[in-house]
Amino acid sequence: MAAAIMSTASGTLLASSTLITKDILKDHFFKDISDRQFLLLSRVTTLVIGIVAIVIALWIQELLVAIDVAYALLAGSIFIPIVFGLFWKRATAKAAFYSIVISAVVVLAGLAIEGVSSSNPILYGIAVNIIVMIVVSMMDRTEKPEEVQTNETMDA
């Protein structure tokens, strides 16, 4: 049992660290770093995520409460950017990033204020998510959605 828990935890820790290091930090903040610097950044990110995970585990000691918090973050922060990204052509990556971060803060604040059993923070997060996605996408001029090429335009 302990081996299963440890292997799952280390895999999740490494996956989270890799996603944050590569997809957020390297692609947006540290674009021109060497492989050696990227490895150091990855190690530091893994350490920070590990410390945050330990603090959260000590703070939330009941499994069902942790699952409630994770579900609230998932539903309140990530659902709308995925739906907008799939169905709204003007949605941008920058808008999705900011809406996820801001709505996660709103959801966590709502859970802290109203308690982890409340579902209102999810609704607050979704509302903030929609507003931020629309406003940032409309204001963002750096990314233009690529036009879908049809067979006629490809033949020309």
Cluster link [X] to [Y], ILVMFWY, side chain under 4.5 Å:
X    : Y    : answer
I126 : I102 : no
I20  : V101 : yes
L108 : V55  : no

Drop me the distance from [X]'s [atom1] to [Y]'s [atom2], to the nearest 0.5 angstrom.
X    : Y    : atom1 : atom2 : result
Y124 : I113 : OH    : CD1   : 8.5 Å
T45  : K26  : OG1   : NZ    : 13.0 Å
T92  : Y98  : OG1   : OH    : 10.0 Å
I67  : L74  : CD1   : CG    : 12.5 Å
L19  : I49  : CG    : CD1   : 9.0 Å

Close side-chain approach of [X] and [Y], heavy atoms under 4.5 Å:
X    : Y    : value
F30  : Q37  : no
R90  : M138 : yes
L111 : S118 : no

Output all residues satisfying side-chain hydrogen bond (donor to acceptor under 3.5 Å, both in side chains) with [X], sequence neighbours left out; order by chain, then residue number.
X   : answer
T46 : S17
S16 : none
S42 : none

Is the backbone N or O of N129 less than 3.5 Å from a side-chain atom of S99, with the two atoms forming a donor-acceptor pair by type? no

F84: what forms a side chain to side chain contact (heavy atoms under 4.5 Å, CB included) with it, not counting sequence neighbours? I80, W88, A91, I130, M133, I134

With ILVMFWY side chains joined below 4.5 Å, transitively, what does I54's cluster contain besides itself? L58

Using the side chain to side chain contact (heavy atoms under 4.5 Å, CB included) rule, take T21 and F38 through it: C-alpha gap first, then chi angles, then the decisive distance, then the call. CA-CA 8 Å; T21 305; F38 179 73; 3.4 Å; yes

So which pairs with a foot in residues 63-72 pass side chain to side chain donor-acceptor pair (under 3.5 Å), sequence neighbours left out?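 Side chain to side chain donor-acceptor pair (under 3.5 Å) check on residues 63-72 returns no pairs.
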
